[in-house]
Each structure stands twice: as structure tokens, then as C-alpha cells.
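What follows is a single structure, written as C-alpha cells, with notes after it.
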Amino acid sequence: MEETPHRRRAPTSSRDLARYAGLFAARTGVMRSSAMRDLMAVTARPEVISLAGGLPDTSTFPAGTFAAQMTRIAQSSTAEALQYGPTEGFAETVDCILEVMGAEGMLPDPDDVIVTTGGQQAIDLVCKTLVDPGDVVICEAPTYPGAVPVFCSYQAETIQIDCDEDGMRIEELETVLARLDAEGTRPKFVYSVPSFQNPAGVSMSLERRRRLVELARQREMLVVEDSPYGLLRFSGEPLPPLYQLDGGDFVIYVGTFSKILSPGIRLGWAVAPPPVMEKIVLGKQASDLCSSTLTQHFVREYFSEGRWREYIADLVEIYRGRRDTMVEALREHFPAQATWTEPEGGLFIWATLPEYIDTSDLLAKALREDVAFVPGQAAYVDESRGRSSMRLNFSGVGDEEIREGVRRIGKAIAEQVELYGALTTDSTSPAAPAQPRVAEAAGDGGDVLPFRKAGEGAA
Ligand SMILES: Cc1ncc(COP(=O)(O)O)c(C=O)c1O
């Protein structure tokens, strides 16, 4: 998801609301807006440095390659590229998907794959297929902010399991599953972004991956593995996807071309066991008939050149440098009490500030300084959580802007810290305000995650 200039809708007047409100479906009452989408209106201003989006750096895609591909499509496939296509997607697109999944050691049956309109639609279709109002869905805390509005739209009861530097705490998951068993509730699925998670940047350890898959198989419980970032690794050893460990019986896999090629082409995919896939296909027929045939041709042409791995390798080099730049800037400009993750891949750093700083308030201040980030609460269904955290993106802008953006956020934080120091009697120095709460015990609803500042002992 995320970010291009867009039109701003005029606010709804109370007269309009009164006119239509009686017609709304009950689900609209719990629908949530996407924090990143909301931010797009402001971050589209050229003077704003946006560390908010999840934007890959599309400026690195060679314009010559783009032009040559489009020319080839025009010469050989105009009619098909402008026509409707199969709901499941073209077989050639599925071949490209198999190549990408093969690069991470997965070997799905092509019949289990559906091409979707981005990974976002795949999440939506999975929920459309599996979730009735009131059903339990389990995900990470924090979770992908774009999944929150989907779970809310389908009126799921969402339970979030805390993450630490090794991803979702599977022991906590087991406690929750035992409680649900006692209540006679079977969760519909566990949703996880195990590799370079959005928003936290952390990856699930091998041990936890194995345990999660074991639980899924023992309990015949579905796990939805959403993995846009698995191939964007800067350091450390690759970890097997959950899908690979499971073999595809209980893990539904969601992938996307957005972060390894382009989000503008709006192409992703889902892989699911045949009975689930049958329903997903029906759901997609009702949603949009088929995904763009034009951009499926684009993907086919691109993969036929055989350089897609080199392009990802280039992106990895660029993002590694930007991650380093952001970490350096955080050390320089964020207060000593702040903690942040130092991801081995992906696009995001999750930073947590002293608990008295509300990052939604801070965002208002930051926007006045022409810089944006995603406030942590967007990653929680319970919006009272995540309030002192923020998601920072390091892939969408260059080193200079990262440094300047972090400097501006640091300035806004320093002002909040100073204000807090002035308002609290027990604080003697604005530079050393009351110590923040650090790690919360699992399951107590705390907001401050026990992430370590890299290079330090456990928080
Ligand atoms: C974890 C995760 N899932 C899904 C998506 C949706 O991506 P798209 O619809 O562009 O494929 C994103 C985008 O940022 C993401 O981070």
C-alpha cells in the first residue's frame, strides 16, 4: 500500500450523514481508516520528508527497461493486454510467482496460486473467505497497519500477540490458544509477517517458526504468512518461510511484486490449499473479476529478461545503506530513553519513545516541521496501544532526507521532552525526564515493547 498524491474528499457534513446513515451496513460502524492512506494527503506536499510510507525506491528501475517492455507488449500482445483475463491470473504470471517463491525455497503447486490485485487484496480475500462477524483472528502486536482496517471491516475479534526481537511470542500465543480452547472458540487464523515485519522490522526466529507450524499442524489451524520482504535481506542468514516448513497444508501464503518490482502494477498473489482456494477464487470473481492483464504482461516481459534477481540485489544494497543512515541519525537525534529495532532487511524501523510522549500528538508537531512518520497506534486494533511508538521507513527517500527527517523528528521530540520536564515536579532536568517504563510482561496490555537497542543488553 501507500503513497501517491491523491484528491482530498471534503469532510462529510452532518446533513449528509443524516441523509445516508440509515442505509449503512453494520460493518461500516467498525471500519477503520488506513493511517498511511490518511497521511498521503499531507505527505504529497513536496516540502514534506515522508518517512511514513512503505514505498520502495522505484526511481532505481531503469526507464529504458520499462520502455522496452511496454514496446514489446504493444508489438506482440496489445489485444490480450487490453482484454479481461482469467480470475486466477495468467499461467505465465504464475510461472513468475513460482520463480520468486522458489528463490526462498518454496515449491507450490501452480494450481494453488491466484494472482491478486496486490497483497492487500489477498488479505482481504482471505478474510472474505474465512471470517464471519465476531470470529477470532490472531495477529502480531504490532501488526501490519494495512491489515487492521481489513480485520475491522470483516468485524473480526482481533487478538494481538506481543512481538520481541524474535518476532511473535509463540509462548504467549499458546497461552491465548489454551484460553480460547477453554472457551470453546476456534480462531479462524493466525496472521503473521514473519520476515522483516511491517512495522517492527523484526523476523521470527527459526525455533518460533518451527513451533508455530507445529501448532498449526497439531491443531489443524490456519496460518496466513504475509511476506512482501523475505528477499530484501541485508545481513544474517535466510530463514525458511512458514509455507516451506509446512508444505502448504495449513499455511496460506501471501506475496506481492510491490516491494521487489513495483507497487504501481498492483499485483500480488495468494497460495492456499485447494478447498480454500476455490472459495478465494469465487470471492475474487465478485470483487474485481480479474487482476490487471496489462500489468501481468509487464511482469512477464520483465521476468523474461532474467535480471530480476540482480534488481533485487541492487535494491538490497541501497536499502542497507539507508538503514545504516537512519540508525546513525536515530543515535544522534533521538533521546537516550528511546529504543528502536535494527532490522536485517525490509523497509522499516520501529522506534519507541518515553511513554509520556504520544506519537499522534508528536506527528502533528512533526508535520509542522514538514516530516511524517506512522504513529504506533495504527498497528493496533486497540488504539490505546502503541501510543509512544512510531514506524519509520528508510527505503522511500535518500540518505540526506533520512538524516534531515530524523533530525526534525528529534527536534519535535526534544520539545515534548522539555515540556514534560517543565510540567513534572519530580523531573529536575529536561534532558533527563522520568524514566520510561521499559518491557511489559506478556499479555498485560502494555504498549512499550521489549525491543532492544542494538548493541545493548535486553531492555
Ligand atoms: C505486510 C504487508 N502486507 C501487504 C502489503 C500490501 O502490499 P501490496 O498490496 O502493494 O502488495 C504491504 C504493503 O506495504 C505490507 O507491508
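Hydrogens, waters and symmetry mates are skipped; everything else that's a heavy atom, side chains included, is used. Read the numbers this way: they start at 1 and go in the same order the structure lists the ligands and their atoms.
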Which ligand 1 atoms are under 4.0 Å away from a heavy-atom of Thr256?
8 (P), 11 (O)
Need the ligand 1 atom indices (1-based, order shown) with element for anything under 4.0 Å from a heavy-atom of Gln120.
6 (C), 8 (P), 9 (O)
Between the SG atom in Cys290 and the CZ atom in Phe90, the distance rounded to the nearest 0.5 Å is 7.5 Å
What one should report as the nearest heavy-atom pair of Pro199 and Phe348 is O-CB, 3.5 Å
Could you check Arg209, Arg169, Gln197 and say which one makes a side chain to side chain contact (heavy atoms under 4.5 Å, CB included) with Met204?
Arg209
Between ligand 1 and Tyr229, can you find any atom pair, the residue atom being a heavy atom, that is separated by under 4.0 Å?
yes
Show me which atoms of ligand 1 lie under 4.0 Å from any heavy atom of Pro228.
1 (C), 2 (C), 3 (N), 15 (C)
Contact atoms of ligand 1, heavy-atom distance to Arg266 under 4.0 Å:
8 (P), 9 (O), 10 (O)
Distance under 4.0 Å to a non-hydrogen atom of Gly118: what atoms of ligand 1 satisfy this?
9 (O), 11 (O)
Can you confirm if the aromatic rings of Phe61 and Tyr302 lie within a centre distance of less than 6.0 Å?
yes
Leu347 CG to Arg323 CZ distance, which is reported to the nearest 0.5 Å:
12.5 Å
Are any of the N/O atoms on Gln121, whether in the backbone or the side chain, positioned under 3.5 angstrom from an N/O atom of ligand 1?
no
Distance check, rounded to the nearest 0.5 Å: Ser77 atom OG versus Gln296 atom CD?
12.0 Å
Check: Gly119 N/O within less than 3.5 Å of ligand 1 N/O
yes
Count the heavy atoms belonging to other residues, nucleotides or ligands that lie under 6.0 Å from CZ of Arg27, then report whether that count exceeds 12.
no
Examine Thr117 against ligand 1 and note whether any of their N/O atoms are separated by less than 3.5 Å.
no
May I ask you to check whether over 12 heavy atoms, not counting those of Arg32, lie within 6.0 Å of atom CZ?
yes
In terms of atom number and element, which parts of ligand 1 are under 4.0 angstrom from non-hydrogen atoms of Ser258?
8 (P), 10 (O), 11 (O)
Give the numbers and elements of all ligand 1 atoms closer than 4.0 Å to a heavy atom of Asn198.
14 (O), 15 (C), 16 (O)
For Lys259, the ligand 1 atoms with a heavy-atom partner under 4.0 Å come out as 13 (C), 14 (O)
